[in-house]
Number of protein chains: 2
Amino acid sequence: MKGIRQLAEHLDISIGTVSRALNGKPDVNEETRRRVLAAAEELGYVANQSGRSLRQGETKVIGLMIESSTEAVENADNFFIGVTSGLQSVFARHKLDLVMLPCPSDEDPHEYLKRIVARRIVDAMIISNMQRIDRRIDLLSRAKIPFIAVGRSLSPGNFPWIDLDFEGVADRAVERLVARGHRRIAITAPSSEVNLGYVFLESYRRALERRGIAFDPSLVIRVKSSEHGGYQAAHELLVLKERPTAVILIYELMAIGLYRRLMESGVMPGRDLAVIGFRDAPRARFLQPSLSCFRMSLYDLGIALGRTLLANMPAYRQFYPDDGRNVVWPLELVPGESDAFDPGTGEKEFEPERLSFDDRTVEF
Amino acid sequence: MKGIRQLAEHLDISIGTVSRALNGKPDVNEETRRRVLAAAEELGYVANQSGRSLRQGETKVIGLMIESSTEAVENADNFFIGVTSGLQSVFARHKLDLVMLPCPSDEDPHEYLKRIVARRIVDAMIISNMQRIDRRIDLLSRAKIPFIAVGRSLSPGNFPWIDLDFEGVADRAVERLVARGHRRIAITAPSSEVNLGYVFLESYRRALERRGIAFDPSLVIRVKSSEHGGYQAAHELLVLKERPTAVILIYELMAIGLYRRLMESGVMPGRDLAVIGFRDAPRARFLQPSLSCFRMSLYDLGIALGRTLLANMPAYRQFYPDDGRNVVWPLELVPGESDAFDPGTGEKEFEPERLSFDDRTVEF
DNA sequence: CCAACATTCGTAAACGTTTACGGAGTGCGT
DNA sequence: ACGCACTCCGTAAACGTTTACGAATGTTGG
């Protein structure tokens with residue numbers, strides 16, 4: 001099946017009518033429409049996207065830009081796959097397709113996005129891994145490409161975003177640890193170019209000071225968000241003169257390396273050092289000791305991103321009258337065993353909430 | 001900047017010449033070409049992809065279909081991001097763009113691919129997560145869309161593929177374990193619909209029988225390839241009447257759950273049960289005990305996939321005269337602590353190769 | 001000086017759609 | 001019988017590009 005022309009000839013109908021029939025336009029006889037749809041189905045005809053895009057000036061494709069550095073939490077690994085299914089459940093209602101656009105690691109993300117935008121491959125973009133100053137915002141605004149960012153940025157101008165509640169996470173993590181008696185609380189942070197690293201750190205600093213604990217720069221560990229980074233972080237904690245009694249991880253899998261390095265020195269996580277992590281609860285839960293962590297539903301986040309993006313697109317705004325506002329996405333604390341002890345005595349003074357590993361109850 | 005027409009008017013040159021200049025066609029004055037390129041750069045002109053695709057009948061986009069089920073190893077998590085950068089390093093040379101096409105979890109993968117193909121969004125496809133009988137092969141062949149599969153299938157007809165050497169992995173894993181005295185070796189396997197599950201299992205069975213060990217179906221543990229699956233797998237192993245002394249995991253992160261469940265019953269991995277895993281060495285290395293595993297370079301695999309795909313496309317075949325053949329991708333064994341003991345005595349009889357966790361040496 | 005050729009460029013068709021416009025046919029009210 | 005509204009459909013233009021073709025100009029060789 002070549003194109004709509006062949007389909008029209010086969011039906012002995014004009015090509016215009018066929019197009020209208022397929023696109024659900026009103027001025028076409030229902031009987032004719034039925035025939036057209038049947039023939040299209042039979043011959044396996046689907047409109048060529050290039051022709052359609054050219055004519056309509058839109059591609060019906062939404063791009064999700066992804067970068068694979070280990071700097072930021074989003075890039076860790078399953079973040080994108082996670083939000084993807086939420087996004088698609090929204091887009092499917094409008095026959096929009098989602099494509100993930102991986103920025104080559106040797107290409108400047110800004111240049112890459114510029115290329116994608118200029119070629120008019122997508123109608124809208126979802127970007128993440130926001131830098132403190134992110135030129136992509138200006139680029140997309142100028143090009144009038146609707147977009148939404150996962151995370152804020154200091155770049156001037158208003159733009160749609162949904163950010164994780166790092167402020168809340170840092171505050172509640174510190175709150176929880178301080179309540180259990182911790183005073184020296186370390187934290188891991190990615191490069192300060194990445195905005196979330198900056199935000200997370202500032203939130204942590206404020207959370208401490210709010211409770212009368214002085215901020216100690218030596219407790220900020222700059223490592224990659226990876227297993228290896230966790231290993232290095234543990235190493236740096238162990239050599240500190242005044243060793244902290246707790247640490248907050250920005251990525252849950254760092255705990256693997258952290259745990260290992262601690263144990264190599266006979267330091268038991270969950271007894272000698274409290275650990276609180278971030279993001280993937282299923283994984284955190286199976287670590288030993290299980291990791292107290294802040295979880296969220298990537299699926300729901302995907303839905304929110306999709307709705308907010310569409311609410312910012314003129315053609316779809318009508319469907320999402322209540323969306324479109326920027327939101328600070330809440331995280332839920334899932335308590336584990338990794339911080340369930342008294343830092344003074346080392347005793348398991350606080351009983352962790354009971355975990356169940358039944359086949360049925362463990363699904364999140 | 002609207003289109004090539006505006007650019008042409010601005011230069012007071014015909015639109016045809018501008019196009020030729022930009023595309024490096026020969027019959028254009030070098031001075032003119034210089035002017036055109038300069039103006040295009042200045043005004044930020046980039047050819048509209050729809051117009052170009054429509055005219056040329058090709059999109060310069062290669063699709064990588066991804067599914068997010070936890071059934072197969074490829075879908076686990078960072079597999080796609082890993083091969084992506086290898087793929088792009090090949091595609092970049094031909095100005096081809098790579099897009100990842102996530103199949104919605106509630107849509108039939110075959111139908112999804114059919115839609116993508118029919119809309120002519122991509123010039124070629126990379127598919128993975130092959131089923132034992134995979135209708136996508138027939139679909140793509142019929143549509144004459146060049147493609148390459150990660151993994152084989154029983155579907156009839158020749159098609160380009162690169163498969164991981166499961167046969168070799170299973171054989172060497174069994175070899176290694178048997179050499180250390182193990183006789184009862186369990187294995188985890190995904191659904192038998194997924195071809196690699198079937199292949200892996202058959203390879204394992206043959207490896208056993210080659211060494212005079214009877215295949216015991218009760219040692220085949222069918223669980224999801226996830227942390228939770230690992231937990232369940234350990235549970236199933238523990239309740240067996242005749243408990244195995246070793247287990248082969250099809251996905252490295254399963255070890256997290258497996259380790260945990262074992263320890264909950266006082267069984268020490270690496271002392272009471274040998275474990276060999278699969279695929280991501282950096283992660284495996286930081287587990288405690290570190291996981292002996294079969295690793296590969298996803299980057300190199302990506303390069304091979306890219307080259308083989310292009311070698312199967314008429315327009316690019318010339319650049320890859322030596323590629324195009326199907327290959328069974330070798331895996332390298334990275335020894336760890338998880339199987340470094342004597343199953344009879346439980347003693348650490350075999351000294352594991354020394355691991356280094358220096359900052360510099362740990363990068364793979 | 002002329003034919004033959006090379007270089008450079010403009011013209012226009014083509015790719016597959018969608019859609020504004022108008023025409024044909026029908027039914028209805030006057 | 002006429003005008004009008006309504007339904008349905010065909011015609012053709014337009015989207016932005018690439019490219020076959022040929023025209024115009026300059027160059028060369030005899």
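What you see is a predicted model; the values in this text were computed from it and never measured. A, B, ... follow the sequence lines: proteins, then strands. Residue 1 opens every chain.
A/N23 has a side-chain polar atom (N or O) that falls below the 4.0 Å cut-off from OP1 or OP2 of C/dT18. In this structure, A/K25 reaches the C/dT19 phosphate: one of its side-chain N or O atoms is under 4.0 Å from OP1 or OP2. One finds a side-chain N or O of B/R52 lying less than 4.0 angstrom from the OP1 or OP2 phosphate oxygen of D/dT18. Using a 4.0 Å cut-off, some side-chain N or O of B/N29 falls inside it from OP1 or OP2 of C/dT8. Residue B/S50 places none of its side-chain N or O atoms closer than 4.0 Å to OP1 or OP2 of D/dC15. Applying the 4.0 Å criterion to OP1 and OP2 of C/dT19, one finds that A/Q56 has a side-chain N or O inside that range. For the pair A/S14 and D/dG10, the criterion of a side-chain N or O lying under 4.0 Å from OP1 or OP2 is met. A sub-4.0 Å separation between OP1 or OP2 of D/dG10 and a side-chain N or O of A/T17 is present.
If you check every strand for non-hydrogen atoms under 4.0 Å, B/G57 touches nothing. Backbone-only engagement by A/I13 is indicated by non-hydrogen atom pairs under 4.0 Å involving sugar-phosphate atoms exclusively.
Within the 4.5 Å cutoff, the side chain of A/L310 has no heavy atoms near those of the A/D323 side chain. The side-chain heavy atoms of A/D27 and A/R20, taken from C-beta on, include a pair separated by under 4.5 Å.
Rounded to a whole Å, the CD atom of A/E9 is 14 Å from the C1' atom of D/dG10. Note: CD (A/Q49) to C1' (C/dT17) measures 10 Å, nearest angstrom. For the pair A/I15 CD1 and D/dA13 P, the interatomic distance rounds to 14 Å; values are reported in whole Å. Atom pair B/L11:CG and C/dG10:C1' shows a separation of 15 Å (rounding to whole Å applied). Atom CZ in A/R35 sits roughly 15 Å away from atom P in D/dC8 (whole-Å rounding). Straight-line distance from the CG atom of B/L54 to the P atom of D/dT18: 11 Å, rounded to whole Å. The distance from atom NZ of B/K60 to atom P of D/dT17 is 16 Å, rounded to the nearest whole Å. For A/E58 and C/dT18, the CD to P distance is 11 Å, given to the nearest whole Å.
For A/R20, the listed nucleotide lying nearest its side chain is C/dA20; candidates were C/dC9, C/dA20, C/dG10. Closest to the side chain of B/R55, from the set D/dT17, C/dG10, D/dC9, is D/dT17. Considering only side-chain atoms of A/T32, the nucleotide from C/dG16, D/dC8, C/dT18 that sits closest is D/dC8.
Taking every heavy atom of both residues into account, A/A311 and A/R317 meet most closely at O-NE, 3.1 Å.
One can find a donor-acceptor pair under 3.5 Å joining the base of D/dC9 and the side-chain atoms of A/D27.
Using a 4.0 Å cut-off between charged side-chain N and carboxylate O, A/R119 and B/D97 make a salt bridge. A salt bridge links B/E58 with B/K60; the closest basic N to acidic carboxylate O contact falls under 4.0 Å.
In terms of modelled atom types and a separation under 3.5 Å, the side chain of A/N326 and the main chain of A/I162 share no donor-acceptor contact.
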